[in-house]
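Okay, so here's the structure we're looking at.
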Amino acid sequence: MFKFLNKSKSETVNLNIPSRVVIRVVVLVILAFTALAALRQAQHALRLIFTSFFLALALNAPVHWIAQHLPGKRRGSRVAGTAISFLVVIALLSGFLLSVVPPLVRQTTSFITNAPALIQEAQNPNSTLGRYVDKYNLQDQVDKLSSQVKDRAGDIGGTAITSVTKFLGSVFAVLTILVLTFMMLIEGPAWIRLFRDLIPDDHHARADRLARDMYGVVKGYVNGQVVLAVIASCMLLPGLLLLHISYPAALVVV
C-alpha cells in the first residue's frame, strides 16, 4: 500500500497493489531473463536456421523454374528440382574451395618456413630489409612479430588442433545449412499452405499480397548480395592471376 499526500487539499490517496500483481511481474521478469539466456545459448543454432531460411528464399525461384522444365514424368517435381539445384551449388562451392584452399595452404606453409629468416634479415641493419626497417622506425613492430612467431612456433601443436577444430566446425555448419535449406525448399509449399489455413478466409488476399512483397524484398536483397560477391570476385581475379604470374614465389599474408 502506498500513500500520497496532496498538500493543497490535505487528502491522502491510498494505492493498493494486490499480491498477485507483484507475483505476475516477478514471474514475467524471470521468464524474460530465462528467454534471453535461452536465446543466447541457442544463437549458433538460430544463426544456422536463419541462414538456411534466406538461402532457401534465394534458391526458391531457380528450384521452381527447374522443376517446371524437367522432362517427362519428373515435370513439376520439387524434389528433383531441389536436387539439381543443390548439385550445382555444391559443384560451385567445391570448385571455389579447390581453387582457394591449396594455394592458401602452400603460401601459409611457405611463410611459416621463411618467417625466421625474414625476421632475422629485418633485424640485420646491414641488409636491405633492415635498412628499410631503420629508415621508417619499424623495429618495435619487427620485435613484436618476432615474439609472436616464437610463441606460435612453441605452441604449434595446440595451434594445429585449434585450426583443425575450427575447420571441422565450419564444415559441420555448412553441411547443416545445406540440409536445412534442402528440407525448407521441399517442405516450404506445405508450410505455406498450413499457415494460410490458419488465417481467416477474408484475410487471404491481404496475407498473400503481404507475403509476396516480403518475399520479393528478401529475395532481392539476397540476390543482390550474391551479385555483388560475383562482381567483386571477377574484379579481384585478374589481379591475383597477374600477381601469381609475375611473382610465383610471392607470400600472401592474411
Side-chain angles (χ1 to χ4, degrees), residues 20-21 24-96 169-233:
R20 62 178 181 272
V21 175
R24 289 177 181 176
V25 171
V26 173
V27 171
L28 289 176
V29 171
I30 294 175
L31 290 177
F33 277 105
T34 304
L36 291 176
L39 290 176
R40 184 175 181 180
Q41 293 296 327
Q43 61 179 347
H44 180 67
L46 293 176
R47 192 182 300 116
L48 295 181
I49 293 173
F50 280 111
T51 303
S52 304
F53 175 73
F54 284 110
L55 184 59
L57 289 178
L59 292 177
N60 180 64
V63 167
H64 180 74
W65 186 88
I66 293 174
Q68 296 301 322
H69 289 79
L70 290 175
K73 297 181 179 180
R74 292 290 183 179
R75 182 182 298 274
S77 174
R78 195 169 180 85
V79 176
T82 303
I84 294 174
S85 300
F86 262 69
L87 289 176
V88 174
V89 171
I90 292 174
L92 293 175
L93 184 61
S94 301
F96 172 77
S170 300
V171 171
F172 178 77
V174 171
L175 292 177
T176 303
I177 290 173
L178 291 178
V179 172
L180 289 176
T181 305
F182 188 87
M183 298 303 298
M184 288 180 182
L185 286 171
I186 294 177
E187 299 295 335
W191 294 349
I192 293 175
R193 288 193 297 268
L194 176 61
F195 288 131
R196 195 171 186 273
D197 292 338
L198 299 176
I199 301 174
D201 294 339
D202 54 344
H203 293 165
H204 279 180
R206 181 179 180 183
D208 292 341
R209 184 172 62 255
L210 181 61
R212 285 194 301 269
D213 293 341
M214 294 173 61
Y215 173 71
V217 171
V218 175
K219 184 179 71 172
Y221 172 77
V222 176
N223 292 339
Q225 296 299 316
V226 173
V227 172
L228 289 177
V230 172
I231 294 175
S233 302

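For the atom pair OG (Ser85) and NE2 (His64), the distance works out to 12.0 Å, reported to the nearest 0.5 Å. Note: His204 NE2 to Arg209 CZ = 13.5 Å, rounded to the nearest 0.5 Å. The distance from the OG1 atom of Thr181 to the CG atom of Leu57 is 10.0 Å, given to the nearest 0.5 Å. Atoms CG and CG, on Asn60 and Leu55 in that order, are 11.0 Å from each other to the nearest 0.5 Å. Rounded to the nearest 0.5 angstrom, Ile84 CD1 and His69 NE2 are separated by 12.5 Å. Atom CZ of Arg47 and atom CD1 of Ile177 lie 10.0 Å apart (nearest 0.5 Å).
Between Phe86 and Leu178 the shortest heavy-atom distance is CE2-O, 3.1 Å. In this structure, Val63 and Gly81 approach most closely via the heavy-atom pair CG1-C, 4.0 Å. For Ala173 against Leu48, the heavy-atom pair with the smallest separation is CB-CD2, 4.0 Å.
Within a 6.0 Å radius of CZ in Phe53, other residues, nucleotides and ligands contribute 12 heavy atoms or fewer. Counting non-hydrogen atoms of neighbouring residues, nucleotides and ligands closer than 6.0 angstrom, the CD atom of Gln43 exceeds 12 such neighbours. Applying the 6.0 Å contact sphere to OH of Tyr221 captures no more than 12 heavy atoms from other residues, nucleotides or ligands.
Considering only heavy atoms from C-beta on, Leu70 comes within 4.5 Å of Ile66 through its side chain. In this structure the side chain of Met184 reaches within 4.5 angstrom of the side chain of Ile49, judged on heavy atoms. By the 4.5 Å heavy-atom criterion applied to side chains, Val89 and Leu59 are counted as neighbours. Using a 4.5 Å heavy-atom cutoff, the side chains of Met183 and Thr82 are not in contact.
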Name every donor-acceptor pair, under 3.5 Å, that has one atom in a side chain of residues 33-40 and the other anywhere in the protein, sequence neighbours excluded.
| from | atom 1 | to | atom 2 | distance (Å) |
| --- | --- | --- | --- | --- |
| Thr34 | OG1 | Ile30 | O | 2.7 |

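Applying the salt bridge (charged side-chain N to carboxylate O under 4.0 Å, His left out) rule to pairs touching residues 185-204 yields Arg196-Asp208, sequence neighbours excluded.
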